[in-house]
Engineer: 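One structure follows; several queries about it will come next.
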There are 2 protein chains.
Amino acid sequence: MSLRIALLGLLDATGPASGYDLAKSFERSLNHVWQAGHTQIYPELVKMAADGLVAVESEGARGRKLYAITPEGASQLRSWLVEREPSSATRSEVALQAFLLPLLDRESAIAVVERIRARFAERLAVLECKPKDTPGFGRYALRLGLTQGHAGLAWADETLAELRGLEPAPAELSGPASAAVDDAVGRD
Amino acid sequence: MSLRIALLGLLDATGPASGYDLAKSFERSLNHVWQAGHTQIYPELVKMAADGLVAVESEGARGRKLYAITPEGASQLRSWLVEREPSSATRSEVALQAFLLPLLDRESAIAVVERIRARFAERLAVLECKPKDTPGFGRYALRLGLTQGHAGLAWADETLAELRGLEPAPAELSGPASAAVDDAVGRD
DNA sequence: GCTGCCATGTAAACCGTTACATGATTGG
DNA sequence: CCAATCATGTAACGGTTTACATGGCAGC
């Protein structure tokens, strides 16, 4: 469903576009929020056209089809935005690595957190060179990304400080099922 | 792949468990990081057993099978943690709604942001009643979740302040393809 | 004419969710 | 005995990724 919404949003904001254009727009402006490649976009546009949410406005050179949002599409887009209770489920490999950190010895854990930190920094760098105050599209999401990126960095720094502050040879490595671990994972 | 890792991580940390136990552990301790229901877990355990990552240690009452991690499984778990460059791709309905906010008039946008804010607050409330300083599993991920949750709240508050500060009847609503919007979405 | 990019698509495999189905055990 | 919970699974569907396939056009 959300792929449709993202496509409708782009079409609504930027006007008619081809599948190829939309794939580029995903890379350019939407990639920190939602991802989709052309292999997903082309068939989805066909289905959306069948459902009357978009229409082929014109066919250009080399088979290029320009899709435009229909009134029906614009209406569904707005309904979704206003009515949809967003699922807050996140599935993050970074968070999973953070979760599993206690399985590693201190050295490895530090290396892993450093790598995570680099990821957050990279992400932030990308976002920071976008026009922050353009009064338009993606502006709020950009700020959200920046805020969360900074939060990630702060977490990494705090965690690194803590890990580095531990005595050089702690007992926190491998070891299966201790009562303490069982407790931490157990009922809350 | 990550589902396997999550299961291996839980088995490594808490010792042998059944599919049912693991599903409960997901709900309890992993849900802010990764989600999986029993319908995904049971078949995956079978495949993992076929691949030698886990082994059925014993069969209890009413068909209950206890899976234990094998040395091979433990080794793959650690390799993944140390070697895997985590994909930082996130797919978030919340961020998508944030992205599309400029399509709405001021009133509706405020309502949407208020709903998002409530989501963040809800999430934070859940995390905050977990034992924050237990020296164990999930501890780092918990802190990451808290940090990012606070960041989300801060974003929502800032955004609400800005939206409420606008004059009551701004011109920011619907309207298709203006040059400015095109610019904001365009190349970076 | 060759190389590289534009532009469009299909197919298979994989991952995740929802709905369905079943039986055993525990507690009232 | 009945209801709730434990415990295990299958099936169908939909979304996502990866690999494959094709042809046009532009510049060298």
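Labels below follow one simple rule: chain letters A, B, ... track the order of the sequence lines, proteins then strands, and each chain is numbered from 1.
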Engineer: Start with the C-alpha distance between A:Q97 and A:E93, add both sets of side-chain angles, then the distance that settles side chain to side chain contact (heavy atoms under 4.5 Å, CB included), and finish with yes or no.
Structural biologist: CA-CA 6 Å; A:Q97 292 198 341; A:E93 283 192 8; 5.5 Å; no
Engineer: Let me know the distance between CD1 of B:I41 and P of C:dG16, rounded to the nearest Å.
Structural biologist: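 In whole Å, C:dG16 P lies 11 Å from B:I41 CD1.
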Engineer: From CD1 of B:I5 over to C1' of C:dC15, roughly how many Å is that when rounded to an integer?
Structural biologist: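 Taking atom C1' of C:dC15 as the reference, CD1 of B:I5 is at 15 Å.
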Engineer: Think A:R4 has a side-chain N or O under 4.0 angstrom from the OP1 or OP2 of D:dG14?
Structural biologist: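 For D:dG14, neither OP1 nor OP2 has a side-chain N or O of A:R4 closer than 4.0 Å.
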Engineer: Starting at CZ of A:F26 and ending at C1' of D:dG15, how long is that distance when rounded to a whole Å?
Structural biologist: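 For the pair A:F26 CZ and D:dG15 C1', the rounded distance is 13 Å.
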Engineer: Evaluate side chain to side chain contact (heavy atoms under 4.5 Å, CB included) for B:F99 paired with A:F137, printing each intermediate quantity in order.
Structural biologist: CA-CA 7 Å; B:F99 189 93; A:F137 230 58; 3.4 Å; yes
Engineer: Check whether any side-chain N or O of A:R91 sits under 4.0 Å from OP1 or OP2 of C:dT17, and answer yes or no.
Structural biologist: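 It does, given that an N or O in the side chain of A:R91 lies less than 4.0 Å from OP1 or OP2 of C:dT17.
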Engineer: For the atom pair CE (A:M48) and CD (A:E44), what is the distance rounded to the nearest 0.5 Å?
Structural biologist: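 Between atom CE of A:M48 and atom CD of A:E44 there are 6.0 Å.
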Engineer: Are B:E114 and B:R164 within salt-bridge range, i.e. N to O under 4.0 Å?
Structural biologist: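 Salt bridge flag = yes for B:R164 with B:E114.
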Engineer: Which letter, B, S or -, goes with each nucleotide of nucleotides 3-14 of chain C from 5' to 3', with contact meaning a protein heavy atom under 4.0 Å?
Structural biologist: ---BBBBB----
Engineer: Do the side-chain N or O atoms of B:Q40 get closer than 4.0 angstrom to the phosphate oxygens (OP1, OP2) of C:dT17?
Structural biologist: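 Answer is yes, contact under 4.0 Å.
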Engineer: Figure out the CD/P separation between A:Q35 and D:dG15, and round it to whole Å.
Structural biologist: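 To the nearest whole Å, that distance equals 16 Å.
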Engineer: Do the charged groups of A:E83 and B:R115 touch, with an N to O distance under 4.0 Å?
Structural biologist: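 No, no charged N to carboxylate O under 4.0 Å.
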Engineer: Please report, rounded to the nearest Å, how far the P atom of D:dG15 is from the CD atom of A:E44.
Structural biologist: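 Spelled out: CD on A:E44 to P on D:dG15 is 7 Å.
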Engineer: Is the shortest distance from a Lys or Arg side-chain nitrogen in A:E57 or A:K65 to a carboxylate oxygen in the other one below 4.0 Å?
Structural biologist: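 A salt bridge is absent here (no side-chain N lies under 4.0 Å from a carboxylate O).
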